Amino acid sequence: MIRSALPSSWTSHSIRPSVFQAHQVRHATKKAGGSSNNGRTSQPKHLGIKSGNGATVVPGTIVVRQRGTQWHAGAGIGIGRDHTLFATKPGKVMFGYDLQRQKRIVSVVDGGETSVVETGFASRAETKRRLAEAVDPEKYLGLDAVGRYEYVLGLAKGLAREEEGRQRELLGQRLAASPRRGTFGLVDLTLI
(Lines give C-alpha, C1' and ligand atoms only; values in the text may rest on other atoms or scores of the structure.)
Protein backbone atom coordinates (compact mmCIF):
# COMPACT_ATOMS: atom_id res chain seq x y z
CA MET A 1 0.00 0.00 0.00
CA ILE A 2 1.09 3.51 -0.76
CA ARG A 3 1.70 5.72 2.18
CA SER A 4 0.32 9.20 2.03
CA ALA A 5 -0.16 12.14 4.30
CA LEU A 6 -3.90 11.76 4.11
CA PRO A 7 -5.92 10.75 7.13
CA SER A 8 -6.65 7.03 7.42
CA SER A 9 -10.40 7.63 7.37
CA TRP A 10 -10.13 8.49 3.70
CA THR A 11 -10.11 5.49 1.50
CA SER A 12 -8.85 5.39 -2.01
CA HIS A 13 -12.31 4.88 -3.49
CA SER A 14 -13.80 7.88 -1.64
CA ILE A 15 -11.24 10.30 -3.06
CA ARG A 16 -12.08 11.80 -6.39
CA PRO A 17 -9.16 11.87 -8.78
CA SER A 18 -9.98 15.44 -9.88
CA VAL A 19 -9.16 16.83 -6.46
CA PHE A 20 -5.52 15.97 -6.86
CA GLN A 21 -5.11 16.79 -10.50
CA ALA A 22 -3.20 19.99 -11.20
CA HIS A 23 -5.30 22.65 -12.88
CA GLN A 24 -3.76 24.15 -15.96
CA VAL A 25 -4.11 27.94 -15.96
CA ARG A 26 -3.36 29.88 -19.10
CA HIS A 27 -2.17 33.44 -18.60
CA ALA A 28 -2.65 36.21 -21.19
CA THR A 29 0.35 36.87 -23.38
CA LYS A 30 -0.94 40.33 -24.35
CA LYS A 31 -2.44 42.97 -22.16
CA ALA A 32 -6.18 43.38 -22.75
CA GLY A 33 -6.98 46.63 -24.54
CA GLY A 34 -9.96 48.70 -23.51
CA SER A 35 -12.69 49.56 -25.97
CA SER A 36 -13.13 53.14 -27.15
CA ASN A 37 -16.11 54.94 -28.64
CA ASN A 38 -13.93 57.51 -30.42
CA GLY A 39 -11.97 55.17 -32.66
CA ARG A 40 -13.49 56.27 -35.97
CA THR A 41 -13.56 59.56 -37.85
CA SER A 42 -14.73 60.77 -41.24
CA GLN A 43 -12.54 62.41 -43.81
CA PRO A 44 -12.68 66.24 -43.90
CA LYS A 45 -15.06 67.62 -46.53
CA HIS A 46 -13.28 70.97 -47.08
CA LEU A 47 -16.51 72.98 -47.18
CA GLY A 48 -16.70 76.76 -47.42
CA ILE A 49 -16.00 79.66 -49.74
CA LYS A 50 -13.26 78.84 -52.25
CA SER A 51 -13.20 82.08 -54.30
CA GLY A 52 -13.66 85.27 -52.31
CA ASN A 53 -15.58 88.43 -53.14
CA GLY A 54 -13.97 90.17 -56.13
CA ALA A 55 -11.87 87.13 -57.12
CA THR A 56 -11.39 86.60 -60.86
CA VAL A 57 -12.71 83.21 -62.00
CA VAL A 58 -12.91 81.18 -65.20
CA PRO A 59 -15.75 78.80 -66.14
CA GLY A 60 -15.73 75.71 -63.95
CA THR A 61 -14.02 77.34 -60.95
CA ILE A 62 -15.58 76.22 -57.67
CA VAL A 63 -16.81 79.26 -55.74
CA VAL A 64 -18.57 77.67 -52.71
CA ARG A 65 -18.70 74.11 -51.37
CA GLN A 66 -21.66 73.65 -49.04
CA ARG A 67 -24.20 71.22 -47.61
CA GLY A 68 -27.63 72.49 -48.55
CA THR A 69 -28.12 75.90 -50.12
CA GLN A 70 -26.77 78.41 -47.62
CA TRP A 71 -25.68 80.44 -50.65
CA HIS A 72 -27.90 80.57 -53.74
CA ALA A 73 -26.79 80.71 -57.38
CA GLY A 74 -27.09 84.06 -59.13
CA ALA A 75 -26.10 85.17 -62.62
CA GLY A 76 -23.10 83.30 -64.04
CA ILE A 77 -23.18 80.59 -61.35
CA GLY A 78 -24.17 76.93 -61.71
CA ILE A 79 -25.11 74.52 -58.94
CA GLY A 80 -23.91 70.91 -58.67
CA ARG A 81 -25.83 67.96 -57.29
CA ASP A 82 -24.06 68.34 -53.93
CA HIS A 83 -25.00 72.07 -53.89
CA THR A 84 -21.51 73.17 -54.95
CA LEU A 85 -21.61 76.57 -56.65
CA PHE A 86 -19.31 77.02 -59.65
CA ALA A 87 -18.69 79.72 -62.23
CA THR A 88 -20.28 79.28 -65.66
CA LYS A 89 -18.65 82.34 -67.24
CA PRO A 90 -15.44 84.31 -66.72
CA GLY A 91 -15.55 87.37 -64.51
CA LYS A 92 -15.44 88.47 -60.88
CA VAL A 93 -17.23 86.79 -57.99
CA MET A 94 -19.81 88.89 -56.20
CA PHE A 95 -21.49 87.97 -52.89
CA GLY A 96 -24.66 89.78 -51.97
CA TYR A 97 -28.11 89.66 -50.48
CA ASP A 98 -31.34 89.55 -52.48
CA LEU A 99 -33.81 91.67 -50.56
CA GLN A 100 -36.92 90.42 -52.31
CA ARG A 101 -36.18 86.70 -51.85
CA GLN A 102 -34.23 87.31 -48.61
CA LYS A 103 -31.47 84.95 -49.72
CA ARG A 104 -27.71 85.19 -49.87
CA ILE A 105 -26.67 85.21 -53.52
CA VAL A 106 -23.39 84.47 -55.29
CA SER A 107 -22.98 85.67 -58.87
CA VAL A 108 -20.25 86.32 -61.42
CA VAL A 109 -20.03 89.76 -63.00
CA ASP A 110 -18.34 89.70 -66.39
CA GLY A 111 -15.34 91.99 -67.02
CA GLY A 112 -15.82 95.68 -67.67
CA GLU A 113 -14.47 98.57 -65.63
CA THR A 114 -17.44 98.63 -63.24
CA SER A 115 -16.62 97.60 -59.71
CA VAL A 116 -18.24 94.62 -58.07
CA VAL A 117 -19.87 96.72 -55.36
CA GLU A 118 -21.54 99.06 -57.88
CA THR A 119 -23.22 96.30 -59.80
CA GLY A 120 -24.02 94.01 -56.90
CA PHE A 121 -26.97 93.51 -54.63
CA ALA A 122 -26.78 95.26 -51.28
CA SER A 123 -25.20 93.21 -48.50
CA ARG A 124 -27.38 91.90 -45.70
CA ALA A 125 -26.10 94.58 -43.29
CA GLU A 126 -26.67 97.30 -45.90
CA THR A 127 -30.16 95.94 -46.57
CA LYS A 128 -31.05 96.01 -42.88
CA ARG A 129 -29.68 99.54 -42.57
CA ARG A 130 -31.73 100.76 -45.54
CA LEU A 131 -34.84 99.02 -44.22
CA ALA A 132 -34.36 100.56 -40.74
CA GLU A 133 -34.03 104.02 -42.32
CA ALA A 134 -37.24 103.51 -44.33
CA VAL A 135 -39.39 102.50 -41.34
CA ASP A 136 -41.57 105.22 -39.77
CA PRO A 137 -41.35 104.46 -36.00
CA GLU A 138 -44.72 106.05 -35.10
CA LYS A 139 -46.58 104.13 -37.77
CA TYR A 140 -44.69 100.88 -36.94
CA LEU A 141 -45.44 101.08 -33.21
CA GLY A 142 -49.10 101.84 -33.85
CA LEU A 143 -49.64 98.52 -35.67
CA ASP A 144 -50.30 95.03 -34.31
CA ALA A 145 -47.93 92.11 -35.06
CA VAL A 146 -49.54 91.18 -38.39
CA GLY A 147 -49.71 94.81 -39.47
CA ARG A 148 -46.04 95.33 -38.59
CA TYR A 149 -45.08 92.28 -40.65
CA GLU A 150 -47.06 93.47 -43.68
CA TYR A 151 -45.69 97.02 -43.30
CA VAL A 152 -42.05 95.88 -43.22
CA LEU A 153 -42.66 93.38 -46.05
CA GLY A 154 -44.12 96.18 -48.20
CA LEU A 155 -41.06 98.36 -47.46
CA ALA A 156 -38.74 95.46 -48.34
CA LYS A 157 -40.50 94.94 -51.67
CA GLY A 158 -40.27 98.66 -52.41
CA LEU A 159 -36.53 98.66 -51.66
CA ALA A 160 -36.13 95.59 -53.89
CA ARG A 161 -37.84 97.43 -56.76
CA GLU A 162 -35.52 100.41 -56.22
CA GLU A 163 -32.50 98.09 -56.24
CA GLU A 164 -33.70 96.40 -59.42
CA GLY A 165 -34.17 99.80 -61.10
CA ARG A 166 -30.67 100.81 -60.05
CA GLN A 167 -29.32 97.55 -61.50
CA ARG A 168 -31.04 98.21 -64.85
CA GLU A 169 -29.72 101.76 -64.93
CA LEU A 170 -26.14 100.59 -64.28
CA LEU A 171 -26.47 97.91 -66.96
CA GLY A 172 -27.71 100.52 -69.45
CA GLN A 173 -24.73 102.73 -68.63
CA ARG A 174 -22.32 99.84 -69.14
CA LEU A 175 -23.86 98.93 -72.50
CA ALA A 176 -23.82 102.56 -73.65
CA ALA A 177 -20.15 102.94 -72.65
CA SER A 178 -19.11 99.98 -74.80
CA PRO A 179 -20.29 100.46 -78.42
CA ARG A 180 -19.64 96.83 -79.47
CA ARG A 181 -21.53 95.31 -76.55
CA GLY A 182 -25.14 94.43 -77.13
CA THR A 183 -24.82 94.58 -80.91
CA PHE A 184 -24.85 91.61 -83.23
CA GLY A 185 -22.97 91.31 -86.50
CA LEU A 186 -24.51 89.14 -89.19
CA VAL A 187 -22.18 86.68 -90.88
CA ASP A 188 -23.00 84.73 -94.03
CA LEU A 189 -22.16 81.16 -93.06
CA THR A 190 -22.79 79.81 -96.56
CA LEU A 191 -19.41 81.14 -97.74
CA ILE A 192 -17.43 79.42 -95.00
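Counting from 1, the numbers follow the sequence of the chain as shown. Just so it is clear, the structure is predicted and the values come from calculations on it, not from any experiment.
Between Val57 and Ala87 the shortest heavy-atom distance is CG2-CB, 3.7 Å. Contact detail for Leu155 and Ala134: the closest heavy-atom pair is CD1-O, 3.9 Å.
Using a 4.5 Å heavy-atom cutoff, the side chains of Lys103 and Ile105 are in contact. In this structure the side chain of Leu143 never reaches within 4.5 angstrom of the side chain of Tyr149, judged on heavy atoms. Put simply, the side chain of Leu47 reaches to within 4.5 Å of the side chain of Arg67, judged on heavy atoms.
Side-chain N or O atoms of Asp110 include none that pairs as donor or acceptor with a backbone N or O of Gly91 at under 3.5 Å. Not a single donor-acceptor pair under 3.5 Å links the side chain of Gln66 to the backbone N or O of Gly48. Side chain of Lys45 to main chain of Gln43: a donor-acceptor pair is present (N/O by atom type, distance under 3.5 Å, no hydrogens or angles). For the pair Thr88 (side chain) and Gly76 (backbone), a donor-acceptor distance under 3.5 Å is present. Not a single donor-acceptor pair under 3.5 Å links the side chain of Arg65 to the backbone N or O of Thr84.
Classified by interplanar angle (parallel below 30°, tilted 30° to 60°, perpendicular above 60°), the ring pair Tyr140/Tyr151 is tilted.
Taking NZ of Lys157 as the reference point, atom CZ of Arg161 lies at 8.0 Å (rounded to 0.5 Å). Rounding to the nearest 0.5 angstrom, the gap separating the NZ atom in Lys89 from the OG1 atom in Thr61 is 14.0 Å. Taking NE2 from His72 and CD1 from Ile77, the interatomic distance works out to 13.5 Å, rounded to the nearest 0.5 Å. Atoms CD and CD1, from Gln70 and Ile49 in turn, are 9.0 Å apart once rounded to the nearest 0.5 Å. The structure places CG of Asn53 at 6.5 Å from CZ of Phe95, a figure rounded to the nearest 0.5 Å. Considering CH2 of Trp71 and CZ of Arg104, their distance stands at 4.5 Å, rounded to 0.5 Å.
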*For the pair Asp144 and Arg148, evaluate side-chain contact (heavy atoms from CB on, under 4.5 Å) and give the outcome as yes or no after the intermediate values.*
CA-CA 6 Å; Asp144 63 338; Arg148 287 179 181 176; over 6 Å; no

Please assess Arg166 against Glu162 for the test salt bridge (Lys or Arg N to Asp or Glu O under 4.0 Å), listing each intermediate value before the final yes or no. CA-CA 6 Å; Arg166 190 175 72 85; Glu162 287 177 20; over 6 Å; no

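Using a 4.0 Å cut-off between a side-chain N of Lys or Arg and a carboxylate O of Asp or Glu, Glu133 and Arg129 qualify as a salt bridge.
Taking hydrophobic clusters as Ile, Leu, Val, Met, Phe, Trp and Tyr residues chained together by side-chain heavy-atom distances below 4.5 Å, Val135 shares a cluster with Leu141.
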